[in-house]
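In each ligand, atom 1 is the first atom listed, and ligand 1 is the first ligand listed.
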Amino acid sequence: MSLRIDVLTLFPEMFGPILGTSIPKRAAAKGLVEYHLTQLRDFATDNHKSVDDRPFGGGPGMVMMCQTMFDAVEHIEAQDPRPATRILLTPQGRVLDQATAEELAKRDRLLLIAGHYEGFDERIIDGLAPMELSVGDYVLSGGELAAMVLIDAIVRLLPGALGAADGAADETFADGLIEYPQYTRPKVYRDMEVPPVLIGGNHAKIAQWRQAQREERTKTKRPDLWAAYEKRKSL
Ligand code: 9D3
(Lines give C-alpha, C1' and ligand atoms only; values in the text may rest on other atoms or scores of the structure.)
Protein backbone atom coordinates (compact mmCIF):
# COMPACT_ATOMS: atom_id res chain seq x y z
CA MET A 1 0.00 0.00 0.00
CA SER A 2 1.36 3.41 -0.90
CA LEU A 3 1.83 6.36 1.43
CA ARG A 4 -1.02 8.85 1.64
CA ILE A 5 -0.01 12.38 2.64
CA ASP A 6 -2.78 14.85 3.49
CA VAL A 7 -1.96 18.51 3.98
CA LEU A 8 -4.33 20.89 5.74
CA THR A 9 -3.50 24.51 4.92
CA LEU A 10 -4.83 27.96 4.06
CA PHE A 11 -2.47 28.02 1.06
CA PRO A 12 -2.86 24.76 -0.87
CA GLU A 13 -1.74 26.53 -4.07
CA MET A 14 1.79 26.83 -2.63
CA PHE A 15 2.23 23.06 -2.82
CA GLY A 16 1.47 22.42 -6.49
CA PRO A 17 4.81 23.53 -7.95
CA ILE A 18 6.85 21.60 -5.37
CA LEU A 19 4.84 18.37 -5.41
CA GLY A 20 4.69 18.60 -9.21
CA THR A 21 8.47 18.75 -9.67
CA SER A 22 11.43 16.38 -9.42
CA ILE A 23 11.37 13.49 -6.95
CA PRO A 24 8.05 14.34 -5.24
CA LYS A 25 6.42 14.29 -8.69
CA ARG A 26 8.19 11.13 -9.81
CA ALA A 27 7.29 9.29 -6.59
CA ALA A 28 3.60 10.11 -7.11
CA ALA A 29 3.76 9.10 -10.79
CA LYS A 30 5.21 5.74 -9.70
CA GLY A 31 2.34 5.27 -7.23
CA LEU A 32 4.62 5.37 -4.17
CA VAL A 33 2.76 8.33 -2.64
CA GLU A 34 -0.48 10.28 -3.06
CA TYR A 35 -0.87 13.91 -2.05
CA HIS A 36 -4.21 15.32 -0.90
CA LEU A 37 -4.52 19.03 -0.20
CA THR A 38 -7.34 20.43 1.90
CA GLN A 39 -8.27 24.10 2.23
CA LEU A 40 -8.85 24.81 5.92
CA ARG A 41 -11.08 27.78 5.11
CA ASP A 42 -13.64 25.41 3.53
CA PHE A 43 -14.48 24.36 7.10
CA ALA A 44 -15.27 27.87 8.35
CA THR A 45 -18.92 28.26 9.33
CA ASP A 46 -19.38 32.01 9.79
CA ASN A 47 -20.06 34.63 7.10
CA HIS A 48 -16.47 35.83 7.18
CA LYS A 49 -15.05 32.32 6.73
CA SER A 50 -12.96 32.76 9.89
CA VAL A 51 -10.24 30.32 10.78
CA ASP A 52 -8.68 32.39 13.56
CA ASP A 53 -9.66 34.80 16.30
CA ARG A 54 -8.17 37.20 18.87
CA PRO A 55 -6.40 35.64 21.86
CA PHE A 56 -8.26 35.41 25.18
CA GLY A 57 -6.33 37.51 27.71
CA GLY A 58 -5.15 39.91 25.03
CA GLY A 59 -1.85 40.17 23.23
CA PRO A 60 -0.71 40.52 19.65
CA GLY A 61 -1.69 38.40 16.68
CA MET A 62 -4.44 35.93 16.05
CA VAL A 63 -4.92 32.33 17.11
CA MET A 64 -6.02 29.47 14.85
CA MET A 65 -9.38 28.36 16.21
CA CYS A 66 -10.52 24.90 17.27
CA GLN A 67 -13.72 24.37 15.29
CA THR A 68 -12.35 24.65 11.74
CA MET A 69 -9.30 22.59 12.64
CA PHE A 70 -11.20 19.74 14.36
CA ASP A 71 -13.85 19.63 11.62
CA ALA A 72 -11.25 19.58 8.86
CA VAL A 73 -9.12 16.89 10.54
CA GLU A 74 -12.18 14.68 11.10
CA HIS A 75 -13.29 15.19 7.49
CA ILE A 76 -9.85 14.33 6.10
CA GLU A 77 -9.39 11.29 8.31
CA ALA A 78 -12.78 9.89 7.26
CA GLN A 79 -11.62 9.78 3.63
CA ASP A 80 -9.47 6.71 4.29
CA PRO A 81 -9.80 3.98 6.92
CA ARG A 82 -6.10 3.94 7.77
CA PRO A 83 -5.32 5.96 10.91
CA ALA A 84 -3.19 9.01 10.13
CA THR A 85 -0.07 10.08 11.95
CA ARG A 86 -0.93 13.71 12.71
CA ILE A 87 1.88 16.20 12.40
CA LEU A 88 1.58 19.86 13.35
CA LEU A 89 4.23 22.12 11.84
CA THR A 90 5.13 24.64 14.53
CA PRO A 91 8.23 26.57 15.61
CA GLN A 92 7.75 24.99 19.04
CA GLY A 93 8.12 21.45 17.74
CA ARG A 94 11.07 19.10 17.88
CA VAL A 95 13.51 19.94 15.11
CA LEU A 96 13.26 17.59 12.12
CA ASP A 97 16.26 15.36 11.54
CA GLN A 98 17.07 12.48 9.20
CA ALA A 99 16.13 9.81 11.77
CA THR A 100 12.64 11.36 12.07
CA ALA A 101 12.24 11.50 8.29
CA GLU A 102 13.23 7.82 8.11
CA GLU A 103 10.74 6.91 10.81
CA LEU A 104 7.91 8.83 9.10
CA ALA A 105 8.72 7.27 5.71
CA LYS A 106 7.65 3.90 7.21
CA ARG A 107 4.10 5.09 8.01
CA ASP A 108 1.28 4.60 5.52
CA ARG A 109 -0.70 7.75 6.26
CA LEU A 110 0.43 11.22 7.32
CA LEU A 111 -1.66 14.32 8.01
CA LEU A 112 0.38 17.51 7.96
CA ILE A 113 -1.18 20.61 9.47
CA ALA A 114 0.35 23.95 8.50
CA GLY A 115 -0.70 27.19 10.16
CA HIS A 116 0.08 30.67 8.95
CA TYR A 117 1.39 33.77 10.78
CA GLU A 118 0.14 32.72 14.17
CA GLY A 119 -0.29 30.16 16.88
CA PHE A 120 -2.83 27.43 17.51
CA ASP A 121 -5.45 27.30 20.25
CA GLU A 122 -3.80 24.96 22.77
CA ARG A 123 -6.86 22.70 22.70
CA ILE A 124 -5.98 21.77 19.12
CA ILE A 125 -2.71 20.33 20.44
CA ASP A 126 -4.36 18.72 23.48
CA GLY A 127 -7.31 17.33 21.53
CA LEU A 128 -5.61 16.16 18.33
CA ALA A 129 -2.37 15.13 20.08
CA PRO A 130 -0.27 15.66 16.96
CA MET A 131 3.45 15.16 16.71
CA GLU A 132 4.84 18.72 16.73
CA LEU A 133 7.68 19.36 14.28
CA SER A 134 9.81 22.38 13.40
CA VAL A 135 12.29 22.53 10.53
CA GLY A 136 14.81 24.70 12.38
CA ASP A 137 15.30 27.56 14.76
CA TYR A 138 14.40 30.50 12.54
CA VAL A 139 11.07 32.19 11.90
CA LEU A 140 9.04 31.40 8.77
CA SER A 141 5.79 33.11 7.77
CA GLY A 142 3.89 29.88 8.05
CA GLY A 143 4.09 26.12 8.25
CA GLU A 144 3.67 25.50 4.51
CA LEU A 145 7.32 25.64 3.52
CA ALA A 146 8.12 23.50 6.57
CA ALA A 147 5.51 20.96 5.43
CA MET A 148 7.09 20.86 1.97
CA VAL A 149 10.54 20.35 3.47
CA LEU A 150 9.17 17.45 5.48
CA ILE A 151 7.38 15.91 2.48
CA ASP A 152 10.52 16.13 0.35
CA ALA A 153 12.69 14.57 3.07
CA ILE A 154 10.21 11.69 3.50
CA VAL A 155 9.23 10.97 -0.09
CA ARG A 156 12.80 10.58 -1.37
CA LEU A 157 13.24 7.78 1.19
CA LEU A 158 10.37 5.68 -0.18
CA PRO A 159 11.75 2.54 -1.81
CA GLY A 160 11.97 3.17 -5.55
CA ALA A 161 11.70 6.97 -5.31
CA LEU A 162 15.27 7.65 -6.34
CA GLY A 163 16.49 6.67 -9.77
CA ALA A 164 19.59 4.48 -9.98
CA ALA A 165 21.66 7.62 -10.63
CA ASP A 166 20.45 9.47 -7.52
CA GLY A 167 20.49 6.53 -5.17
CA ALA A 168 22.99 5.14 -2.70
CA ALA A 169 25.21 8.22 -2.41
CA ASP A 170 23.51 9.25 0.80
CA GLU A 171 26.49 9.10 3.12
CA THR A 172 25.87 12.36 4.93
CA PHE A 173 23.96 11.67 8.15
CA ALA A 174 24.02 7.93 7.57
CA ASP A 175 27.26 7.72 9.57
CA GLY A 176 27.30 11.27 10.96
CA LEU A 177 30.00 12.72 8.71
CA ILE A 178 29.55 15.20 5.86
CA GLU A 179 30.59 14.35 2.34
CA TYR A 180 34.03 14.47 0.74
CA PRO A 181 34.76 17.20 -1.83
CA GLN A 182 33.98 16.36 -5.44
CA TYR A 183 35.47 17.51 -8.71
CA THR A 184 34.69 17.07 -12.39
CA ARG A 185 36.36 18.23 -15.59
CA PRO A 186 38.45 20.25 -16.27
CA LYS A 187 41.51 19.31 -14.23
CA VAL A 188 42.43 22.99 -13.88
CA TYR A 189 39.91 25.81 -13.75
CA ARG A 190 41.05 29.43 -13.22
CA ASP A 191 44.31 28.14 -11.76
CA MET A 192 42.47 25.88 -9.29
CA GLU A 193 43.62 22.29 -9.54
CA VAL A 194 41.83 19.03 -8.85
CA PRO A 195 43.69 17.17 -6.03
CA PRO A 196 46.20 14.93 -7.84
CA VAL A 197 45.24 11.85 -5.76
CA LEU A 198 41.88 11.77 -7.61
CA ILE A 199 43.56 11.61 -10.98
CA GLY A 200 46.11 8.89 -10.12
CA GLY A 201 43.62 6.00 -10.29
CA ASN A 202 44.79 4.40 -7.00
CA HIS A 203 41.37 3.52 -5.60
CA ALA A 204 42.55 2.51 -2.13
CA LYS A 205 44.39 5.81 -1.82
CA ILE A 206 41.37 7.73 -3.09
CA ALA A 207 39.09 6.06 -0.52
CA GLN A 208 41.58 6.86 2.25
CA TRP A 209 41.86 10.51 1.13
CA ARG A 210 38.08 10.89 0.93
CA GLN A 211 37.56 9.51 4.43
CA ALA A 212 40.22 11.88 5.82
CA GLN A 213 38.51 14.77 4.00
CA ARG A 214 35.14 13.83 5.46
CA GLU A 215 36.54 13.88 8.98
CA GLU A 216 38.51 17.12 8.48
CA ARG A 217 35.56 18.91 6.90
CA THR A 218 33.11 17.73 9.53
CA LYS A 219 35.44 19.14 12.23
CA THR A 220 35.63 22.56 10.60
CA LYS A 221 32.24 22.97 8.88
CA ARG A 222 30.01 21.09 11.33
CA PRO A 223 31.61 20.95 14.78
CA ASP A 224 28.18 19.97 16.17
CA LEU A 225 28.09 16.82 14.02
CA TRP A 226 31.74 16.10 14.83
CA ALA A 227 31.08 16.25 18.57
CA ALA A 228 28.16 13.84 18.18
CA TYR A 229 30.28 11.54 15.99
CA GLU A 230 33.13 11.42 18.54
CA LYS A 231 30.69 10.81 21.36
CA ARG A 232 29.02 7.94 19.49
CA LYS A 233 32.40 6.38 18.69
CA SER A 234 33.46 6.48 22.35
CA LEU A 235 30.37 4.58 23.54
C1 9D3 B 1 5.75 35.52 18.27
C2 9D3 B 1 6.14 34.13 18.38
N3 9D3 B 1 6.34 33.47 17.08
C4 9D3 B 1 6.99 32.15 17.34
C5 9D3 B 1 8.44 32.20 17.02
C6 9D3 B 1 5.03 33.28 16.45
C7 9D3 B 1 5.06 32.57 15.17
C8 9D3 B 1 5.93 32.94 14.16
C9 9D3 B 1 5.94 32.28 12.94
C10 9D3 B 1 4.23 31.49 14.96
C11 9D3 B 1 4.23 30.84 13.75
C12 9D3 B 1 5.07 31.23 12.75
C13 9D3 B 1 5.05 30.55 11.46
N14 9D3 B 1 6.00 29.43 11.41
C15 9D3 B 1 5.58 28.18 11.37
O16 9D3 B 1 4.39 27.93 11.35
C17 9D3 B 1 6.55 27.10 11.36
C18 9D3 B 1 7.97 27.10 11.46
C19 9D3 B 1 8.91 28.15 11.61
O20 9D3 B 1 8.61 29.36 11.66
N21 9D3 B 1 10.24 27.80 11.69
C22 9D3 B 1 10.66 26.53 11.63
N23 9D3 B 1 9.82 25.52 11.51
C24 9D3 B 1 8.49 25.82 11.43
S25 9D3 B 1 7.29 24.68 11.29
C26 9D3 B 1 6.08 25.81 11.25
Side-chain angles (χ1 to χ4, degrees), residues 3-19 21-24 33 35-44 48-73 75-77 84-107 109-157 172-173 222 224-225 228:
L3 170 63
R4 173 175 173 138
I5 300 179
D6 283 276
V7 183
L8 179 56
T9 171
L10 291 169
F11 298 95
E13 68 280 4
M14 285 178 72
F15 289 79
I18 300 296
L19 302 182
T21 305
S22 185
I23 287 165
V33 61
Y35 310 114
H36 295 266
L37 296 163
T38 300
Q39 169 57 268
L40 177 63
R41 204 171 295 283
D42 291 347
F43 296 84
H48 296 102
K49 295 258 164 215
S50 306
V51 296
D52 54 12
D53 207 339
R54 295 156 63 201
F56 277 124
M62 299 285 276
V63 177
M64 305 284 295
M65 61 201 262
C66 287
Q67 171 264 317
T68 44
M69 199 62 85
F70 278 79
D71 287 354
V73 166
H75 174 86
I76 291 165
E77 291 187 350
T85 296
R86 298 169 176 166
I87 300 169
L88 187 72
L89 284 311
T90 160
Q92 278 111 46
R94 195 160 50 78
V95 176
L96 176 66
D97 59 15
Q98 190 63 19
T100 303
E102 282 168 14
E103 183 52 44
L104 293 172
K106 295 176 190 158
R107 311 286 172 98
R109 192 166 183 211
L110 302 174
L111 168 51
L112 277 46
I113 304 168
H116 217 82
Y117 312 123
E118 49 221 321
F120 298 91
D121 186 307
E122 193 65 21
R123 292 167 294 186
I124 293 169
I125 295 157
D126 295 341
L128 297 177
M131 178 175 188
E132 297 176 75
L133 284 183
S134 161
V135 294
D137 292 335
Y138 42 83
V139 182
L140 298 171
S141 315
E144 287 79 13
L145 285 168
M148 287 186 252
V149 166
L150 177 60
I151 291 170
D152 189 74
I154 290 169
V155 159
R156 63 188 298 288
L157 294 172
T172 306
F173 306 118
R222 290 295 305 272
D224 58 326
L225 290 183

Enquirer: Any donor and acceptor pair, going by atom type alone, linking the side chain of T21 with main-chain N or O of P17 inside 3.5 Å?
Expert: yes
Enquirer: Which residue holds the protein heavy atom closest to atom 6 (C) of ligand 1, what is that atom called, and what is the gap in Å?
Expert: Y117 O, 4.8 Å
Enquirer: Does D137 come within less than 4.0 angstrom of ligand 1, counting non-hydrogen atoms of the residue?
Expert: no
Enquirer: Applying a 4.0 Å heavy-atom criterion (strictly less than), which segment of S134 is in contact with ligand 1: side chain, backbone, both, or neither?
Expert: both
Enquirer: With a 6.0 Å cut-off (strictly less than), is the heavy-atom count around CG of D137, excluding the residue itself, greater than 12?
Expert: no
Enquirer: How long is the gap from CD1 on I76 to CZ on R109, to the nearest 0.5 Å?
Expert: 8.0 Å
Enquirer: Side-chain contact, heavy-atom cut-off 4.5 Å: I154 with V33?
Expert: no
Enquirer: Looking only at heavy atoms, is any part of E118 under 4.0 Å from ligand 1, and if so is it the side chain, the backbone, or both, or is it neither?
Expert: backbone
Enquirer: Verify the distance criterion only: is there a donor paired with an acceptor across the side chains of E132 and T90 at less than 3.5 Å?
Expert: no
Enquirer: Counting heavy atoms only, which of G136, G115, G142, A114 comes nearest to atom 15 (C) of ligand 1?
Expert: G142
Enquirer: Ignoring hydrogens, tell whether any protein atom lies closer than 4.0 Å to atom 1 (C) of ligand 1; use the non-hydrogen atoms only.
Expert: no
Enquirer: Identify, for atom 9 (C) of ligand 1, the protein heavy atom at the shortest distance, and state residue, atom and that distance.
Expert: L140 O, 3.2 Å
Enquirer: Using heavy atoms and a 4.0 Å limit, tell me yes or no: is P91 in contact with ligand 1?
Expert: yes
